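Here the structure is a predicted model, which means the values were calculated and not measured. Throughout, a chain's letter reflects where its sequence line sits, starting with A, and its residues are numbered from 1. Hydrogens, waters and symmetry mates are skipped; everything else that's a heavy atom, side chains included, is used.
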2 protein chains.
Amino acid sequence: MPDKKIFKLHAEVCKALAHALRIEVIDLLQGGESCFTDILEETGGLKSNLSQHLSIMVKCGILKVRKDSRCNYYSLSSSKVAKACSLMREVLIENLKKEQKLHKELLK
Amino acid sequence: MPDKKIFKLHAEVCKALAHALRIEVIDLLQGGESCFTDILEETGGLKSNLSQHLSIMVKCGILKVRKDSRCNYYSLSSSKVAKACSLMREVLIENLKKEQKLHKELLK
DNA sequence: CTTAGACATTCGAATATGCAAATATTTGAA
DNA sequence: TTCAAATATTTGCATATTCGAATGTCTAAG
């Protein structure tokens with residue numbers, strides 16, 4: 001049995017992707033770094049909430065922060081995160097298409 | 001605001017990756033389809049538990065099932081799932097290395 | 001038609017996550 | 001020094017996930 005610890009760690013990192021707001025943030029940051037206030041403007045919602053999610057993502061290591069005196073700039077820690085995320089999006093789209101096809105079949 | 005519904009759906013699919021056992025299953029299935037009993041033998045644990053996780057993965061659309069009279073064969077619905085998963089693993093590994101480096105620095 | 005093997009489903013309890021509101025911290029400008 | 005903007009942290013509560021045990025279903029084989 002190969003050490004199961006790695007699976008747990010791996011899952012921890014993947015949990016960073018498991019929330020709509022966090023996905024939205026990743027999507028946003030594909031375009032480059034962005035500061036807290038700008039992210040909030042895009043996503044909407046409460047500051048405290050966004051702050052919590054961003055800190056989760058930083059802890060998981062999928063985001064980096066750069067702080068200057070006026071604000072905190074967030075960015076993806078690696079383009080691999082964006083890539084993984086968009087692969088999963090493709091999987092989703094493929095599944096939606098399959099479902100749609102199935103519905104059409106049923107209505108024939 | 002681009003429809004937020006897609007983020008929710010996207011996150012749902014990503015949730016399939018957010019558990020150690022499920023990651024282990026994905027790892028296993030990179031080698032090709034495998035039946036319930038064989039998966040269980042590798043992962044260990046309770047049947048009911050594995051069954052629950054597999055059904056979550058099927059519902060999310062990241063696994064396919066093929067049933068014959070003797071057993072259920074599970075496989076990845078797309079190689080993209082494996083790819084996304086291993087990208088996230090790379091992100092993890094990179095982060096672990098960074099941490100390790102930081103520790104070394106501190107001990108100098 | 002009864003049984004055994006292979007899974008699936010259900011249930012209640014434990015744990016983890018997410019949310020909103022309140023409070024705290026930090027930094028530059030007045 | 002004081003204030004305001006920009007974020008972080010804490011707290012209590014609501015919801016969601018996970019787990020293990022028990023029970024149910026389905027399909028050959030006998």
Next item on the list: Starting from P on D:dT18, measure out to CD on B:Glu24 and report it in whole angstrom.
Entry: 15 Å
Margin query: Each nucleotide in nucleotides 19-30 of chain C should get exactly one letter: B, S or -. Can you fill that in based on protein heavy atoms under 4.0 Å?
Written below: BBBB----SS--
Check: Expressed in angstrom and rounded to an integer, what is the separation of B:Ile39 atom CD1 from C:dA8 atom C1'?
Finding: 14 Å
Item checked: Atom pair distance, as rounded to whole Å: CZ in B:Arg66 and C1' in C:dC7 -> 16 Å
Next item on the list: Could you check whether A:Ser51 gets within reach of a base, just the sugar-phosphate, or nothing at all, counting any heavy atom under 4.0 Å?
Entry: base
Margin query: Any salt bridge linking B:Lys80 with A:Glu94? Criterion: basic side-chain nitrogen under 4.0 Å from a carboxylate oxygen.
Written below: yes
Without placing hydrogens or testing angles, list every side-chain donor-acceptor pair under 3.5 Å for residues 67-75 of chain B, not counting sequence neighbours.
residue: B:Asp68; atom: OD1; partner: B:Arg70; partner atom: N; Å: 2.8
residue: B:Asp68; atom: OD1; partner: B:Cys71; partner atom: N; Å: 3.0

Item checked: Candidates B:Leu63, B:Ile26, B:Leu29 - the one meeting side-chain contact (heavy atoms from CB on, under 4.5 Å) with B:Val81 -> B:Ile26
Check: So, is B:Lys15 close to the D:dT17 phosphate, meaning a side-chain N or O under 4.0 Å from OP1 or OP2?
Finding: yes
Check: Please give, in whole Å, the distance from D:dT25 C1' to B:Asn72 CG?
Finding: 12 Å
Check: To the nearest Å, how far apart are B:Lys47 NZ and C:dT9 C1'?
Finding: 15 Å
Check: Roughly how far, to the nearest 0.5 Å, is the OG atom of B:Ser34 from the CG atom of B:Leu28?
Finding: 6.0 Å
Next item on the list: Quickly work out the B:Leu17 CG to D:dT17 P distance and round it to whole Å.
Entry: 15 Å
Notebook entry, point to check: So which residues get pulled into A:Leu87's cluster when ILVMFWY side chains under 4.5 Å apart are joined, directly or through others?
Noted result: B:Leu87
Notebook entry, point to check: Whole Å only: how far is the CD1 atom of B:Ile23 from the P atom of D:dT18?
Noted result: 12 Å
Margin query: Just the rounded figure in Å: distance from P of D:dT25 to NZ of B:Lys67.
Written below: 15 Å
Note to self: With rounding to the nearest 0.5 angstrom, report the CG to SG distance, B:Leu40 to B:Cys35.
What the structure shows: 10.0 Å
